[in-house]
Amino acid sequence: MNKSRDFLRTIVEEDLKSGRYKEVVTRFPPEPNGFPHIGHAKSIAINFGIANDFHGHCTLRMDDTDPTKEDTVYVKALKDAVKWLGFEWEGDVRYTSDYFHKLYDYAIELIKIGRAYVDSLDEEKMREYRGTVTEPGIRSKFANRTIEENLDLFERMKNGEFKDGEHVLRAKIDMSAANMKMRDPLLYRIRDTHHFRAGDEWSIYPMYDFAHCLSDYIEGVTHSICTLEFENNRDIYNWVLETLKLKPPRPYQYEFARLNISYTVMSKRKLLELVESGVVNGWDDPRLPTIAGYKRRGYTPESILNFCNQIGIAKANSMVDVAQLEFCIRDDLNKKVPRVMCVLNPLKVTIENYEGSEELDAPYYPDDVPKEGSRKLSFSNEIYIDREDFNENPPKGYFRLTPKQSVRLKHAYIITCKEVIKDENGNIVEIKAIYHKNSKSGSDSSGIKVKSAIQWVDTKSAKKAEIRVYDRLFKNETPQGTEDINPNSLKVIKNAMIENAVITQKPDVRFQFEREGYFYADPIDYSDKLPVFNKIVGLKESWGKKKKVSKPRVQTKKVQIEGVVAPMNEAEQKLFDRYTTKLNLNSEVANILARDKTLSSFYEDALSHNKTPVTIANIVANEVAKELKEKQVDELKFNPSEIAELAKMIDDEMISSKIAKEVFQEMTQNGGNPTQIVETKGLMQISDPSKISPIIDEIIAKNPDNVAKFRAGNSKLLGFFVGQVLKKTNGKANPKVANRLVIEKLKQ
RNA sequence: UGGGGUGUCGCCAAGCGGUAAGGCACUGGUUUUUGGUACCAGCAUUCAGGGGUUCGAAUCCCUUCACCCCAUCCA
């Protein structure tokens, strides 16, 4: 864990420190109705990661409350994903369906205390009665059923006496709640469907909002972490646990932003569409952001996990650049994977002055990768190089083979082009070259300088291989649908030639094909007879890129239209006028006070104790206003007269405004008289220059770099020095005096 | 539109009143038998906009704007 924790870890740490929980318990709770994707990986990394970091544990729970959509194939995929990423769940896999009996009992309990009822409205009516976001809803007449009636009906629902949709169980909360989710949410619905685990035992199934919080509670979860779209559901989560009066400790819900990656889609629906329409070849298509897809493509779990760590956890909706993921896999593979040679697009080269054949020593790793191992490479007068590595009319800056430019064959000799053979259409079909005998790799005494070393394979020993080159699935950064599909997302190269050392390796191996990228032996289609490799990711390229036009950055000044502010009513206007003219408040402060009834009466009250209207106004309009955002006046631990007293101390320069904030902080938390707080805490301001001066000297002596920077014109640093003085004096130094003194001393 | 959220570099993201972290991307340079890697250097006088409070504001207050979520018997 690094120094700056994400907000979730901060919460967990505080809860552990405060003793709210003895141990942290999280859970990864997917619904088994689809294949997991990299968004799930983020959630897995968060939940299991937090549990690991704080020595707690994490459960894996299948949230299987909708029998119409769920299936065991997804359960398997989900379990595989967690395991593949290297995590272990606590105990057995849990299922919400395991808790159906307990959940049913809780529902009965809710009915018994009059907080749940059986509603028999049809779907349409129910929607109508729910109201809209701006209008309150109406309670169903069935909400008046007696407890006995509800109990009876609910039991009969369970027993399968009714058809789907005839009745539901609802929580009795508030049909006019501003939060739409709280308008008597559904708890149970009738589903005459076979459940993949519970079989046909149940005719009713609990809804997410009822099942989830209680399942968390049953499992002893402490921190229930989910994505942002559940923010509105948090109220129900709390309502259920609170009205059931469950024995503490109970879980609390926290939300984070789900993962989006550019050039791909993440929603279950869109993924399903791609698979079903045949745009991709199944859920494990290497172009898909599914775990199965990344796995088949050749991504390592380490790289995915590292990616999850890099992107962080926050609440802002965001879209991560794929480049970040690509960096992670390159970074991982660079350290791990052997380099071999493969020619994707072969061009024959005949070396006219070479006879016979030989075996060349070729290490698997470059010098900067601390790994051992090498293989023998056979070399003869007929080899293949990549067509891209020869150019008859090279552009400027081309480093490879040309009629005039020699090149090194990696691990072998330097060759020079002598003749270009073309077919009747003018296509290059062969290169005739000569090699330089004394330029052998490792014992080069030729003195020839070349600009690059290229990969090659010997025609006699090389094997044919199929290479599947994957590119991003979509053309757009934020694809909407199939219309944005990149038609070239898969290119199959049938005639690539690969050095035979590769073939002797077992599957589940990754290689770097030199100068091309990282490749993975396809776990399904690979055979020694027809090797098939998937391109995981290319090497970082700086040559091709230069030619691209870099978009000129258009610096547009942000212009924003100001909205209209509601005009003040007559009383507010009168108040405003009095404040600005009589009391000399600035218009902004006067405006804040005049428009807020509680604030203005608080202010008036304070004013009766002390006649320094401006200082009091500033405190009321800023500090008191902050408190009143979350509290009612009668909840405040301080009163107007104490605020007036605080203001007086500021005016008398007994304390600085900085200290005043600290005192105010204390007043809000524990109450108390400001004068007393200042006395007991010894917060009286130090304004005597002779006391502050030596401290400044000390700081100046300790920070010669910053002194130099300040003198060079970095005036921001004034804040740094004053800050240090304040720190040394526990905030008591008079900052105005300190400011003046620092400037004086540094100007010398 | 009512409610709930979120705005810090091209993309993520720290920061919680005292010098705007870090990663990716990008741009130079050094090393290099991968146009890879590694290394060095450069990349926010400014935190959605406007006001206010303060010696000092990304952080506190007011206000405006933009985006996301909520009216499934889905989760």
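Letters go in sequence order (proteins before strands), and every chain restarts at 1.
Counting heavy atoms from C-beta outward, A:Gln685 and A:Lys732 have side chains that stay 4.5 Å or more apart.
Listed nucleotides B:rU64, B:rC55, B:rC61 differ in distance to A:Glu562; the shortest reach to its side chain belongs to B:rU64. Set against B:rA13, B:rA75, B:rC11, the side chain of A:Lys181 has B:rA75 as its closest nucleotide. Of the candidate nucleotides B:rA71, B:rC74, B:rA13, B:rC74 has the atom lying nearest to any side-chain atom of A:Asp66. Relative to the side chain of A:Val565, the nucleotides B:rU63, B:rA75, B:rA13 differ in distance, and B:rU63 lies closest. Here the side chain of A:Gln324 is nearest to one of B:rC61, B:rU33, B:rC24, namely B:rC24. Here the nucleotide nearest the side chain of A:Leu717, chosen from B:rG17, B:rC74, B:rU19, is B:rU19.
In this model, no side-chain donor or acceptor of A:Arg515 finds a partner on the base of B:rU34 within 3.5 Å. Side chain A:Asn622 to base B:rG52: a donor-acceptor pair is found below 3.5 Å.
Residues satisfying the side chain to side chain contact (heavy atoms under 4.5 Å, CB included) test with A:Leu726, not counting sequence neighbours, are A:Lys658, A:Val722, A:Pro735. A:Tyr435 pairs by the ring-ring contact (aromatic ring centres under 6.0 Å, His included) definition with A:Tyr354, A:Tyr413, not counting sequence neighbours.
Note: A:Phe154 and A:Tyr188 meet the aromatic proximity criterion, with ring centroids under 6.0 Å apart. In this structure, A:Tyr579 has its ring center under 6.0 Å from that of A:Tyr603. For A:Phe513 and A:Tyr518, the distance between ring centers is not under 6.0 angstrom.
Remark: P of B:rU19 and CG of A:Leu726 are 12 Å apart, rounded to the nearest angstrom. Atom CD in A:Glu123 sits about 13 Å away from atom P in B:rA71, given to the nearest Å. One interatomic measurement links the two molecules: CD of A:Glu630 to P of B:rC61, which rounds to 9 Å at whole-angstrom precision. At whole-Å resolution of the value, CZ in A:Arg183 and P in B:rU72 are 12 Å apart. Regarding A:Arg5, its CZ atom lies at a distance of 11 Å from the P atom of B:rG15, rounded to whole Å. The distance between atom CG of A:Asn706 and atom C1' of B:rG18, rounded to the nearest whole Å, is 12 Å. In this structure, A:Glu14 atom CD and B:rC16 atom P are separated by 13 Å, rounded to whole Å. When the P atom of B:rC60 is taken as reference, atom CD1 of A:Ile659 falls 20 Å away, rounded to whole Å.
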Where do N or O atoms of nucleotides 43-46 of chain B meet protein N or O atoms at under 3.5 Å, pair by pair?
unit_1 : atom_1 : unit_2   : atom_2 : d
B:rU46 : O4     : A:Lys716 : NZ     : 2.9

Might you list the N or O atoms of the protein lying below 3.5 Å from N or O atoms in nucleotides 36-39 of chain B, with each pair's distance?
unit_1 : atom_1 : unit_2   : atom_2 : d
B:rG36 : OP1    : A:Ser542 : OG     : 2.8
B:rG36 : N1     : A:Asp368 : OD1    : 3.2
B:rG36 : N2     : A:Asp368 : OD2    : 3.0
B:rU37 : O2'    : A:Asn334 : ND2    : 3.1

Protein-nucleic acid N or O pairs under 3.5 Å, nucleotides 67-69 of chain B:
unit_1 : atom_1 : unit_2   : atom_2 : d
B:rC68 : O2'    : A:Asn317 : ND2    : 3.2
B:rC69 : O2     : A:Asn232 : ND2    : 3.4

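Applying the 90° criterion around 0 to the glycosidic angle, B:rU33 comes out anti.
Remark: B:rC67 base-pairs with B:rG5. Criterion, Watson-Crick or G-U wobble with two distances under 3.5 Å. Base pairing of B:rG17: no nucleotide in any strand meets the Watson-Crick or G-U wobble criterion (both distances under 3.5 Å).
With salt bridges taken as basic N to acidic carboxylate O contacts below 4.0 Å, one links A:Asp6 and A:Arg9. Ionic pairing of A:Asp216 and A:Arg27 is present here: one or more N-O contacts between side-chain nitrogen and carboxylate oxygen are shorter than 4.0 angstrom. For the pair A:Arg234 and A:Glu255, the salt-bridge criterion is met [side-chain N within less than 4.0 Å of a carboxylate O]. In summary, A:Asp332 and A:Lys336 engage in a salt bridge, as defined by a charged side-chain N under 4.0 Å from a carboxylate O.
Ring-to-base geometry places A:Phe399 in a stacked arrangement with B:rG35 (centre distance under 5.5 Å, plane angle under 30°). Here A:Trp543 packs flat against the base of B:rG35; its ring centre is closer than 5.5 angstrom to the base's six-membered ring, tilted by less than 30 degrees.
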Please report the C-alpha distance between A:Glu326 and A:Lys540 in whole Å, then the side-chain angles of each, then the deciding distance to 0.1 Å, and finally whether the salt bridge (Lys or Arg N to Asp or Glu O under 4.0 Å) criterion is met.
CA-CA 9 Å; A:Glu326 290 171 353; A:Lys540 194 175 169 186; over 6 Å; no
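Here A:Arg130 lies in heavy-atom contact (under 4.0 Å) with sugar-phosphate atoms only. Among the atoms of the strands shown, base atoms are found under 4.0 Å from some heavy atom of A:Leu121. Nucleic acid contact class of A:His212 (heavy atoms, under 4.0 Å, all strands): none. Among the atoms of the strands shown, only primed sugar atoms or phosphate atoms (P, OP1, OP2) are found under 4.0 Å from some heavy atom of A:Val589. If you check every strand for non-hydrogen atoms under 4.0 Å, A:Gly563 touches sugar and phosphate atoms only. The residue A:Gly442 sits close to a base: some heavy atom pair falls under 4.0 Å. Within the 4.0 angstrom heavy-atom criterion, base atoms lie near A:Gly397. Residue-level contact check: A:Arg595 touches neither bases nor backbone, having no heavy atom under 4.0 Å from any strand. Residue contacts for A:Val722: at a heavy-atom cut-off of 4.0 Å it reaches a base atom on one of the strands shown. A:Ile313 comes within 4.0 angstrom of sugar-phosphate atoms only, judged by non-hydrogen atoms across all strands, and of no base.
Taking side-chain N and O atoms only, A:Arg191 has a distance below 4.0 Å to OP1 or OP2 of B:rC74. One finds a side-chain N or O of A:Asn618 lying less than 4.0 angstrom from the OP1 or OP2 phosphate oxygen of B:rU54. Contact annotation: A:Arg61 does not reach the phosphate of B:rA75 (side-chain N/O to OP1 or OP2, under 4.0 Å). Considering only side-chain N and O atoms, A:Arg189 lies under 4.0 angstrom from the phosphate OP1 or OP2 of B:rA75. Between B:rU54 and A:Lys658, no contact under 4.0 Å exists linking OP1 or OP2 to a side-chain N or O. A sub-4.0 Å separation between OP1 or OP2 of B:rA75 and a side-chain N or O of A:Thr65 is present.
Toward the 5' end of RNA chain B, the nearer of the two residues A:Asp164 and A:Ile592, judged by each one's closest nucleotide, is A:Ile592. Of the two residues contacting RNA chain B, namely A:Lys440 and A:Asn703, the nearest-nucleotide position lying further toward the 5' end is that of A:Asn703.
Listed by first then second residue, pairs satisfying salt bridge (Lys or Arg N to Asp or Glu O under 4.0 Å) with a partner in residues 175-191 of chain A read A:Arg139-A:Asp184, not counting sequence neighbours.
Between the side chains of A:Asp192 and A:Ser203, no donor N or O sits under 3.5 Å from an acceptor N or O. Under 3.5 Å, the side chains of A:Asp209 and A:Asn233 contain a donor-acceptor pair of N or O atoms.
The number of heavy atoms from other shown groups lying within 6.0 Å of NZ (A:Lys315) is above 12.
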